[in-house]
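Just so we're on the same page: letters track the sequence lines, and every chain starts at 1.
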Amino acid sequence: MPELPEVETTRRGIADAILGHRIAELQVHDRRLRWPVELGIAEQVRGQQIAAVGRRAKYLLLGLERGSLILHLGMSGSLRVLAGDTPRGKHDHFDLRLEGGLTLRLNDPRRFGSLHYTDEDPAAHRLLRALAPEPLEADFNAEYLWSLTRRRRAAIKQVLLNGRLVTGVGNIYASEALFRARIRPTRAARRLSRPECAALVRAVRAALQAAIGAGGTTLRDYVNSDGNAGRFRQKLYVYERGGRACRRCATPIRRITQGQRASYFCPRCQH
DNA sequence: ATGGGCACCTGGCTGC
DNA sequence: TGCAGCCAGGTGCCCA
């Protein structure tokens with residue numbers, strides 16, 4: 001599910017409600033996430049105040065007084081801020097109960113999400129330390145993309161999905177960004193010209209920012225922290241639009257498979 | 001070093 | 001209705 005725009009929408013949606021609140025208790029109802037939630041976490045976070053609500057790539061970071069909670073929504077996770085007495089439902093994994101009565105609850109049917117705690121700088125955590133630059137920051141730029149792609153024989157779509165090279169972009173926005181940059185997903189990364197790298201960087205940024213502005217994309221089950229669907233689906237150019245008319249030139253959008261995942265592109269607009 | 005494929009899950013949809 | 005098969009927004013890890 002969530003790519004960077006959905007995670008960022010979630011971050012913004014929960015920040016005001018939980019910032020400055022103290023953790024009364026972390027109640028883990030179902031430890032079974034991508035990695036089993038470590039039992040000691042509850043003990044470590046109890047009583048700590050939430051000092052920051054940040055994001056690194058698709059990870060949410062809750063900065064506490066003495067450490068950080070690192071959480072990932074996987075393919076199907078969503079976070080809600082709820083009244084503490086809201087009944088639990090299927091696939092609810094934990095409640096971060098706050099003093100004052102609210103609770104931050106994770107629901108994740110497919111269990112690809114995760115929850116970790118670290119006392120150290122979260123950037124040094126094993127899950128975060130090798131991540132590429134933030135796509136909306138200045139160090140993700142044409143020069144960066146150009147130099148890293150020079151030796152890459154892999155398709156540019158695969159490069160966009162490799163979090164050590166580019167972060168925040170998942171299957172939806174990889175196709176969307178490539179459409180905006182007019183580059184075919186199958187092009188070998190090393191064959192991109194400098195101007196194409198520049199265009200792709202701009203396209204990645206534009207696609208992510210537009211989606212953030214619309215509260216993310218809901219295809220099936222994603223909900224924002226307010227329980228509502230994202231509104232970006234209507235604005236997608238190619239994703240899940242196989243066979244339908246290209247919004248730019250009316251040619252039917254094509255669907256192909258790359259690395260066992262769907263890619264969509266316009267055979268006329270993209271080269 | 002790079003790249004390809006698999007694994008981890010549940011649920012919804014399609015077609016027989 | 002039932003059931004098998006396929007597909008889905010992520011990403012760490014193993015192997016060649």
Just checking A/Gly170: base, sugar-phosphate only, or nothing, at a heavy-atom cut-off of under 4.0 Å? sugar-phosphate
Mind checking what makes side-chain contact (heavy atoms from CB on, under 4.5 Å) contact with A/Asn224, not counting sequence neighbours? A/Thr9, A/Tyr222, A/Asp226
Atom CD of A/Glu6 to atom P of C/dG10: distance rounded to whole Å? 9 Å
Proximity to DNA chain B (any heavy atom under 4.0 Å), residues of residues 257-266 of chain A only: A/Gln260
How far does NE2 of A/His72 sit from CG of A/Asp108, to the nearest 0.5 angstrom? 10.5 Å
Do A/Val53 and A/Tyr59 belong together in a cluster built from hydrophobic side chains that touch within less than 4.5 Å? no
Side-chain atoms of residues 156-166 of chain A: list all donor-acceptor pairs with protein atoms under 3.5 Å, sequence neighbours left out, distances to 0.1 Å.
unit_1: A/Lys157; atom_1: NZ; unit_2: A/Asn171; atom_2: OD1; d: 2.9
unit_1: A/Lys157; atom_1: NZ; unit_2: A/Ala262; atom_2: O; d: 3.3
unit_1: A/Lys157; atom_1: NZ; unit_2: A/Ser263; atom_2: OG; d: 2.8
unit_1: A/Asn162; atom_1: OD1; unit_2: A/Arg164; atom_2: N; d: 2.9

Any donor-acceptor N or O pair under 3.5 Å, side chains A/Arg88, A/His29: yes
Spacing of the C1' atoms in B/dG3 and C/dG9 (rounded, Å): 23 Å
Does A/Tyr59 reach a base, just sugar-phosphate, or nothing at all? Heavy atoms under 4.0 Å. sugar-phosphate
Take the protein atom CZ of A/Arg164 and the nucleotide atom C1' of C/dG10, then report the distance between them rounded to whole Å. 14 Å
Could you give all pairs that pass the salt bridge (charged side-chain N to carboxylate O under 4.0 Å, His left out) test and reach residues 59-70 of chain A, with sequence neighbours left out? A/Arg22-A/Glu65
Going by the side chain to side chain donor-acceptor pair (under 3.5 Å) test, which pairs reach into residues 194-214 of chain A, not counting sequence neighbours? A/Glu143-A/Arg194, A/Arg187-A/Glu196, A/Ser193-A/Glu196
Distance, rounded to the nearest Å, where A/Leu73 contributes CG and C/dT11 contributes P: 10 Å
How would you list, by chain and number, every residue that makes a side-chain hydrogen bond (donor to acceptor under 3.5 Å, both in side chains) with A/Arg247, sequence neighbours excluded? none
Tell me, with the steps shown, if A/Leu4 and A/Val169 meet side-chain contact (heavy atoms from CB on, under 4.5 Å). CA-CA 7 Å; A/Leu4 186 148; A/Val169 179; over 6 Å; no
Just the rounded figure in Å: distance from C1' of C/dC7 to CG of A/Leu219. 12 Å
Looking at every strand, decide which applies to A/Arg255 at a 4.0 Å heavy-atom threshold: base, sugar-phosphate, or nothing. sugar-phosphate
Are any side-chain N or O atoms of A/Glu176 and backbone N or O atoms of A/Tyr237, one a donor and one an acceptor, separated by less than 3.5 Å? yes
Atom pair distance, as rounded to whole Å: NE2 in A/His72 and P in C/dG12: 7 Å
Wobble G-U and Watson-Crick pairs count when both distances are under 3.5 Å; given that, what is the 5' to 3' dot-bracket string of DNA chain B, with | for pairing to other strands? .|||||||.|||||||
Integer-rounded Å distance: C/dT11 P and A/Gln158 CD: 14 Å
Can you list, pair by pair, the side-chain donor-acceptor contacts under 3.5 Å of residues 122-133 of chain A, counting residues two or more places apart and other chains?
unit_1: A/His125; atom_1: ND1; unit_2: A/Leu127; atom_2: N; d: 3.1

Under the salt bridge (Lys or Arg N to Asp or Glu O under 4.0 Å) test, residues paired with A/Arg220 that sit two or more places apart: A/Glu240
Can you check the A/Leu33 CG to C/dT11 P distance for me, whole Å? 14 Å
If I pick the P atom on B/dA1 and the same atom on C/dT11, what distance separates them, to the nearest angstrom? 23 Å
Rounded interatomic separation in angstrom, taking CG from A/Leu161 and C1' from C/dG12: 15 Å
Going 5' to 3' along DNA chain B, between which two nucleotides do contacts with chain A fall, using a heavy-atom cut-off of 4.0 Å? B/dT2 to B/dG11
Rounded distance (nearest 0.5 Å) linking atom CD1 of A/Ile256 with atom CZ of A/Arg184: 9.0 Å
A/Arg220 vs A/Arg34, nearer the 5' end of DNA chain C by closest nucleotide: A/Arg220
Using the side-chain contact (heavy atoms from CB on, under 4.5 Å) criterion, which residues pair with A/Phe112? Sequence neighbours excluded. A/Met75, A/Arg110
Close residues, residues 103-120 of chain A, relative to DNA chain B [heavy-atom separation under 4.0 Å]: A/Pro109, A/Arg110, A/Arg111, A/Phe112
